Every structure is written in structure tokens, then in C-alpha cells.
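Working notes for the structure below.
Sequence lines set the chain letters: A, B, ... in the order given, protein chains first and strands last, and positions in each chain run from 1. These numbers were taken from a predicted model, which means no experiment stands behind them.
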Amino acid sequence: MALMSYAQAACSALAGAMRADAGVVALGEDVGNGGVFGQYRGLREEFGASRVIDTPISEATIMGAAVGMALTGLRPVVEMRVVDFALCAIDEIVNQAAKNRYMFGGQGRVPLVARLPIGIWSGSAAQHSQSLEAWFAHIPGLVVVTPATPADNYALLAAAIECGDPVIYMEHKELWGLEGEVPPEPTAVLGKARIARGGTDLTLLSWSGMLHTALAAAEQAALQGVSVEVIDLRTIWPWDRETVLESASRTGCLLVAHEAVQAAGFGAEIAATVAEALGIPVKRVGAARIPVGYARTLENVARISTQQLLQELKEFLNNRGRKRSMR
Amino acid sequence: MAPDTSEANDSPAERLLPLYRTMARIRAFENAAEEASRGSVAAFGASSDAASMIRGPLHLSTGQEAVAAGICANLTRDDYLTSTHRGHGHTLAKGANITAMMCELFGRGAGTNKGKGGSMHIADFAVGMLGANGVVAAGIPIAVGAAHSAKIRGSKAIVACFFGDGAINRGPFLEGLNWAKIFELPVLFVCEDNRYSATTATDAMTAGDGAAARARGIGIPAESVDGNDVLAVDAMARELVARIRAGAGPQLLHALTYRVKGHVSVDAAAYRDPRELESALEGDPLKLAGLRLAALGVAAATVAKIDTEVRNEIDAALAAAHSAPATEPDEAYADVQDLGAGQWR
Ligand SMILES: Cc1ncc(C[n+]2csc(CCOP(=O)(O)OP(=O)(O)O)c2C)c(N)n1
Ligand SMILES: [Mg+2]
């Protein structure tokens, strides 16, 4: 076990993959100097500038070139800094990386990992604060991953590099400094959720930064006598129906919370699936459909706080949940 | 081609004094903003401090003042301007209200954008300043569209389009310049070359001879200028703006300057040689302009008075921003869209 930050964990996973496979390369802006969040620190020193590739500010070509590299034998890890800038490369992701294998009759494979961090990045306003995981979940051909802890960032990034499909790897913009124990043997695999806290009265499902809010809300609910089971979905697509359905059928109700805008968010997909399969009460909690404003007062309106999540949880239990109610 | 400065009516000192004032104002604004932004963001190894008055990434234009001042001195209030993430200088030089700008950085309802944008999205449409931008090169097509609109509407307005050296490697640079040329639009493209793109020296990432050569390659006349010499920038801008107003179509100016601060205020720029900064500081645009004023026989007291006046302006703006109320939370729901407003979830 080693204590690592979320950024160091990813760096360590990437370094391991680069040591094991000479075909793994990283490319993007500022990676040579370690990345602006330290998520590539030391890699150029170890692997050289030909494998840790500094690029011009050319998102479309960074992503497009990665597709070309992946088609011809490399395993590129693509740095986009934040998901918001990946919008400058949306054709390359959606029409090229995601479609290639199918459209060309299975001749090609696009084993690339594109790092597109999501979430509100405090004080950086509307163009740097989006959570767009649902966009990518909507696109056939893509795997979408959202690690919430250092251990998962280590295990899931390694798994994403090995995966073989194009993976949209969405770290959280504000978790880079989060520290945690990282076991040397990976403790997560793609497509498998984790029960982050056991409980019996309600299933609270979340991922990425919101997982930590969910755990805090569960802690407070426990003080008030309500036992909340918290699931970290970890992979948005393909998502772990088995774990979610098993938990929800046990607790009898499901609340999905995410930082992304609630309308057309991925929570809707999960809630609908669970309602269809189990016929139990379901609820979504996501952000209002507003851009994230700069002022702290505005940013706070766009965030889901622990108190707000707890409140939603109480209302849900009181109005719809069957087993318990809370004051 | 050397610009013809003889047509200027003002004497060099008369021309330089207001330019100096604009630059000194920008410098004072940036210094104040830098001070108020300590701990504003967790990046570049710095951690964030919840007490910081200015939040998030703050991109300072310290040391680049001559470009903003020299270009904007040749624009009218009706002309338009698009900017970058490093836009305080452009905005001030275009004549935006200083207090409203500082309030914006402080997240106040009285800010230019009602506290919704902050530094990286600062805008003042009242003076034609169509916005700073968090996305590199995104201002270029917008500038081109504003110029296209001016042409369609028969307006006399022209557009100054600022972008960094790093931005010329994004597709919108090529697309925007090509568009401006085929429609012969009234745009002054200004590549503000501070040699860096975040932590990366731009030179190593840029093939060929850069912005001016690329512009010439598609038929846009382009000039280069010492971007720290405000009189040179002013003279060159005057020439290019005159051409644009005379209907000669888009022009490009490549202004070579230096990014004195880190990429954002919390970035110590540990990736560059400190000697490079030292030698760049010898060419500091304010220092150069001060020396030039002295050589032109302007009394030191006159210059000192300007320095004091702008510092007082900034102090007043700071005081106003400190005491102004934060943006009301309800403002979060205003100006999202017309149809569908109210349906938030
Ligand atoms: C499309 C896009 N890619 C990446 C970024 C991150 N980023 C912000 S500023 C910057 C460097 C820009 O360099 P330059 O254009 O020279 O402007 P400067 O910062 O030097 O003023 C980068 C890479 C961004 N904001 N937008
Ligand atoms: Mg630059």
C-alpha cells in the first residue's frame, strides 16, 4: 500500500503501463512538464519526449492523431486537460474514434484512452466546469469511466489502457489532490461498481466527485437512524446493472445523485432502468440546468451540497420510500 | 514596411502620455488583481485558499501592456474587440469601467458580467468589448463574424481580434483568417506573442515563421512589431487600421512581447530559466516608455503624477469591489435562455 494523491495514482498507473508496453504513449498540451495538475509528473524524464509528447494547442489533431496512432499499433493516452476543451475535438471522438471499428467492418481497433476531466473547477466559471459524461455514454462504441478515489484512478486508468476500446476517461477536476491508500494490485475493473458503504434503507448511487458528497450525506443520515447504502458506479458505460439492481431490490428504493445537470443526465437512464426492472420508487438529484457562474454565490447554486442531498434523501424517503421516514 | 508616423497630429510626447497612462493603469490593475488572487486555484502545485477574493485561474497581462494600449488607442468606441483568457489589458484599453471590472473579478453583482464570468470571461459590450474567452482561439471566428456583420450592415466599425502565440496552432485560426480574406472583412488580427503557451515554449510547437507568415500565405498583409515598444505598436496599428478603414480587408499584426508572470497567478513558472525573465524585464514596456518620455523632455513629475492617479483609480476600484455585495444567488437563474426559463430540472 502506498499513500498517493489522485493525480499521483494516475501517473503511477500510466508509468506502469508505459514500462510494460512500449506502444503506450501519452500526448497533449503541457504533458512534458508534468501536466498542469501534476498528473504526468516525471514521465518525460523516464520515457523521453518521443513517448510523452508535448503537442501544440490543437485539440482536433491531438485526438485525431491519437486515432491514427491507435489504428496502427500504438496505445495512446490523450490529454485534454478538461472535458470542456475536448469539445474542440468532438468530431474526432464521436465520428472517428467511436465509429471506426464498426464502420470499417471490424478492420480497425481504436485502443485509446482520452482523459477528459469533469466537474466544477472552483472559480473557473461556465467554460471550465461542465460534467458531460452523459454525452459520451450516449455514443455507441465508447467506454466511459469516472474514478472517484486514488485507488480507483490507479486501477481504472491501467484497465482503460489495456481495454482495447476507445475509453473516455473522466477524472474529476477537483480531486487531483485527494489522498488515499493505493494497493499495488488493482482493486477495480472496468464495468464493475463498488458498494462504498453498506446500508439497508435506501440505495444512493453516485460517481466521481459526487460520491464524496453522497458518503457525507449517508454519514449524516446514519446519525438520524437511516441506513443508506452508497454505490460508486465507477464506470458509466457499460454500467454495472447487476450490482445496482441487487442493492436496489434489497433496499427497495434508489436515489441517483450526480454533479451533472439533472435533465438528460445519466441518472435518468439508471433510474428508468431500475424502475422498469424492479418497479420500486426511484429519484434523481442533479444540478439545475444552468451554466456554472463565476461568483461563489452562483457556483453554489449550481452545486449539490451535502445538506441539499440529505434534504432530497429525506423527502424521497418520506414521500416515496416504503420502509422508513426521517424528520 | 515601416509605418508612416508623420501623419500623426500629436507630438510624440502628446501621443505617448496617454499610452503611458493606459499601460500604467493596466499594470496597476494587474498588480492589484494578482494580490487579491493569492491561493485562487489549485494547480501548478499550489493549493487553493477559500479566503481568496479572486477565485479560479487568473491570467495576468503584466509586461504585455504595450500591445493592448497601442492597438486600442487606434480604435473608436464603436469598434469591436475580441480577447483571450488574458484579457484585462485589452478590456481596460478599450475603455471599460475599472470599478465594474474589479467587481467582476470579485464576483459582485455590480461587475461587468454581474459576477457570472470573472476574469477569464470579462466583457464590456458597452465599449465594443465582446468578451474574453476561456477557450483558446475561440475569439477568432467570433471576431470574423462581427466584422462580417459590420460589412453586411454597412457599419463603419472594425474589429480588433487578439489571440496568443499558442492559438495559431488551432484550426479556428486558419479558418478565421481564410474567411476574413475571402469576404474582405474589416478585422485587425493581433497575435500577442508572449512566447509561452501555458508551461510550453510556443516556438517548439510552431512550424514555419509563425502568425505573420501564415497570414501572408493566405493573402492577408502582415506586419511584425516590437510589442514592448508602445509607440511602435501604436504607429503600426494606426497604419493597419487606416488600411482596414479604407477597405483593404483584413490585416495581421504580430507583436512580440513576454509573459512576465506565470501562466496563471499561482504558477511560479518553475519550468523556465529565471535569466530569461531577467533579460525580458530589461525590455519592460513601462520602463521603456518612461525612458522615452524623459528623452522627449517630459518632466519626471508629470509621469509620477500619472502613476499616482492610476494607482488611486485602482485603489478606488478595489475599495468599491471589497464593499460591493456578492452577486445574488437568484442571478444564477437569470439570462440562461428565454424559452424554457423556469424549467430547471
Ligand atoms: C482549446 C483550449 N485548449 C487548451 C486550453 C488551456 N489553455 C489555456 S491558456 C493556454 C495557453 C495559451 O497560449 P497562448 O495562446 O499563447 O496565450 P497566452 O496564455 O500565452 O496568453 C492553454 C493551453 C484552452 N483554454 N482552450
Ligand atoms: Mg502565449
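By number of non-hydrogen pairs under 4.5 angstrom with chain B, the leading residue of G34(A), G265(A), S124(A), A7(A) is S124(A). Chosen from P291(A), P56(A), G293(A), A60(A), the residue pairing most often with chain B at heavy-atom distances under 4.5 Å is P56(A). Highest contact tally toward chain A, considering only M205(B), M120(B), K114(B), is held by M205(B) [criterion: heavy-atom pairs under 4.5 Å]. The greatest number of non-hydrogen atom pairs below 4.5 Å with chain B, out of V261(A), D30(A), T61(A), is found for D30(A). Counting heavy-atom pairs closer than 4.5 Å to chain B, the top residue among A264(A), G35(A), G38(A), C88(A) is C88(A). In terms of non-hydrogen atom pairs under 4.5 Å with chain B, the most contact-rich of S122(A), A263(A), G177(A) is S122(A).
For Q337(B), the CD atom counts as densely surrounded, since its 6.0 Å shell holds more than 12 non-hydrogen atoms of other residues, nucleotides or ligands. In the displayed structure, R289(A) atom CZ is contacted under 6.0 Å by at most 12 heavy atoms of other residues, nucleotides or ligands. Counted within 6.0 Å of NE2 on H138(A), heavy atoms from surrounding residues, nucleotides or ligands total 12 or fewer; the atom is thus considered open. Atom CG of D203(B) has 12 or fewer heavy atoms from other residues, nucleotides or ligands within 6.0 Å. For W176(A), the CH2 atom counts as densely surrounded, since its 6.0 Å shell holds more than 12 non-hydrogen atoms of other residues, nucleotides or ligands. Annotation: D209(B), atom CG; neighbour count of heavy atoms from other residues, nucleotides and ligands within 6.0 Å does not exceed 12.
Looking at Y294(A), its side chain does come within 3.5 Å of a backbone N or O of L105(B) through a donor-acceptor pair. Remark: side-chain polar atoms of R345(B) are paired, donor with acceptor, to backbone N or O of G286(A) under 3.5 angstrom. Under the 3.5 Å distance criterion, the side-chain polar atoms of T297(A) are matched with a main-chain donor or acceptor of T327(B). A donor-acceptor pair under 3.5 Å links the side-chain atoms of N33(A) to the main chain of T199(B), judged by distance alone.
Remark: I57(A) CD1 to T200(B) OG1 distance equals 8.0 Å, nearest 0.5 Å. Remark: H128(A) NE2 to H85(B) NE2 distance equals 9.0 Å, nearest 0.5 Å. For the atom pair E331(B) CD and L298(A) CG, the distance stands at 7.0 Å (nearest 0.5 Å). The CH2 atom of W344(B) sits 7.5 Å away from the CD1 atom of I290(A) when rounded to the nearest 0.5 Å.
In this structure, E59(A) and R170(B) have side chains that are in contact, with non-hydrogen atoms separated by less than 4.5 Å. Looking only at side-chain heavy atoms (C-beta outward), R296(A) and R55(B) come within less than 4.5 Å of each other. Contact of the F85(A) side chain with the V136(B) side chain is not registered, since no non-hydrogen atoms from C-beta on lie closer than 4.5 Å. Looking at heavy atoms from C-beta onward, S197(B) lies out of side-chain contact with E29(A) at the 4.5 angstrom threshold.
With a threshold of 4.5 angstrom between heavy atoms, I168(B) does not approach chain A through any atom at all. In this structure, the portion of T55(A) lying under 4.5 Å from any heavy atom of chain B is its backbone and not its side chain. Interface residue E328(B): only backbone heavy atoms are found under 4.5 Å from chain A. Only the side chain of Q262(A) has a heavy atom closer than 4.5 Å to any heavy atom of chain B. Looking at T202(B), neither its backbone nor its side chain comes within 4.5 Å of chain A, counting heavy atoms on both sides. Heavy-atom distances place no part of E174(A) under 4.5 Å from chain B, backbone and side chain included. Residue contact with chain A, scored on non-hydrogen atoms closer than 4.5 Å, involves the backbone and the side chain of N133(B) alike. Heavy atoms of A287(A) lying under 4.5 Å from chain B belong exclusively to its backbone. Using a 4.5 Å cut-off between heavy atoms, W121(A) contacts chain B through its side chain alone, with no backbone atom that close.
When all heavy atoms of P57(B) and G123(A) are compared, the closest pair comes out as CD-O, 4.2 Å. Taking both residues in full, the closest heavy atoms of P329(B) and V301(A) are given as O-CG2, 3.6 Å, listed atom of the first, atom of the second, then distance. The minimum heavy-atom distance linking A125(A) with G117(B) is given by the pair CB-O, 3.7 Å.
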